[in-house]
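All residue numbers refer to positions in the sequence shown, counting from 1.
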Amino acid sequence: MRKLLSFLALVLTFATGSPSSAQTINADPAKPRRLEVLFLGDDGAHRPIDFVPVLMEAMGSKGINFTYTDKLTDLNPKTLGKYDALLLYADSVAISPTQTNALRDFMASGKGFLPIHITTKSFEGNPELKKLIGAKAIRHETEGVPAGLVKEQLDQFGGNFALPAHDEGRVFTTAYGHDERSWKQPEFLQLMEQAILWAVSDDARASLAALNPKPLQYREAKLPNYERRPGPQMQQLPLSPEESV
């Protein structure tokens, strides 16, 4: 647990600012950098903000940053231009024509769009964005799966979709992701990681490969243990200045 908290303390620094405070991402594939994903959620029953630490823990050491927002006003060219992909997990989203144009231009510039689970119910009355998602949810209900796996709420179309869109952009959508039972499954997190890597531009993938992120390293140490946790106490080894940046 101490190891996990140390890791989260590091990666949470990438989500404490507002999306508009981020710097514009570097477009030079020769320069190593991390991938930047904007996670747009809402305050609905699915509580997408609860899943952000799960994504950070799973992918932070692999060079993928997540910034969370629940403000639809962040669908604007200036903010979207700071990210490689937009992950959308929100119920019944309706956006303005200006925001639609911003998302369309984001896709046309070669960025990734990942609408997850309940998002398939969004964009009613907006056939262009409905087409981007690739399918429409007709029914939303609990599905049983074999023992030992999770119970999911799958939209009637089910499954996962991946398609190119708007010249250069790519869209990945999945009906999975109802609650923490899915988000804590290694297989689901692996699916999300592969989807992000597929959806972003070739230049962004090249920059991540040049970064060659390494897992955080730890050593056993004598540390305060006020909570009396069993087992050895682990201390994170320091990062280089380059890695810290």
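Between Tyr68 and Pro48, the shortest heavy-atom contact is OH-CG, 3.7 Å. Of all the heavy atoms in Lys111 and Leu80, the pair that sits closest is NZ-O, 4.2 Å. The two residues Trp198 and Arg205 have their closest heavy-atom pair at O-NH1, 3.3 Å. For the pair Met107 and Val171, the tightest heavy-atom approach, listed with the atom from each and the gap, is CE-CG2, 3.5 Å.
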When you look at Trp183 and Tyr176, which way does the ring-ring contact (aromatic ring centres under 6.0 Å, His included) test go after all the steps?
-> CA-CA 9 Å; Trp183 287 83; Tyr176 291 100; over 10 Å; no
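Here Leu87 contributes atom CG and Thr67 contributes atom OG1; the two are 12.0 Å apart, rounded to the nearest 0.5 Å. Residue Gln194 holds its CD atom at 11.5 Å from CG of Leu189, rounded to the nearest 0.5 Å. Going from atom CZ of Phe39 over to atom OG1 of Thr69 covers 11.0 Å, rounded to the nearest 0.5 Å. Here the straight-line distance linking atom CD1 of Ile196 with atom CG of Leu35 works out to 8.0 Å at 0.5 Å rounding. Separation of atoms CE (Met59) and CZ (Arg34) is listed at 12.0 Å; rounding is to 0.5 Å.
Look at Asp50 and Arg47 and you find a salt bridge, because one of the NZ, NE, NH1 or NH2 atoms lies within 4.0 Å of a carboxylate O, short of that distance. In summary, Asp84 and Arg33 engage in a salt bridge, as defined by a charged side-chain N under 4.0 Å from a carboxylate O.
A donor-acceptor pair under 3.5 Å is formed between the side chain of Gln99 and the backbone N or O of Leu72.
Phe51 has its side chain out of reach of Ile49: every pair of non-hydrogen atoms, C-beta onward, lies at least 4.5 Å apart.
Using modelled atom types and a 3.5 Å distance limit, the side chains of Asn76 and Thr79 yield a donor-acceptor pair.
Evaluation of the salt bridge (charged side-chain N to carboxylate O under 4.0 Å, His left out) rule for Glu193 yields Lys62 as partners, not counting sequence neighbours.
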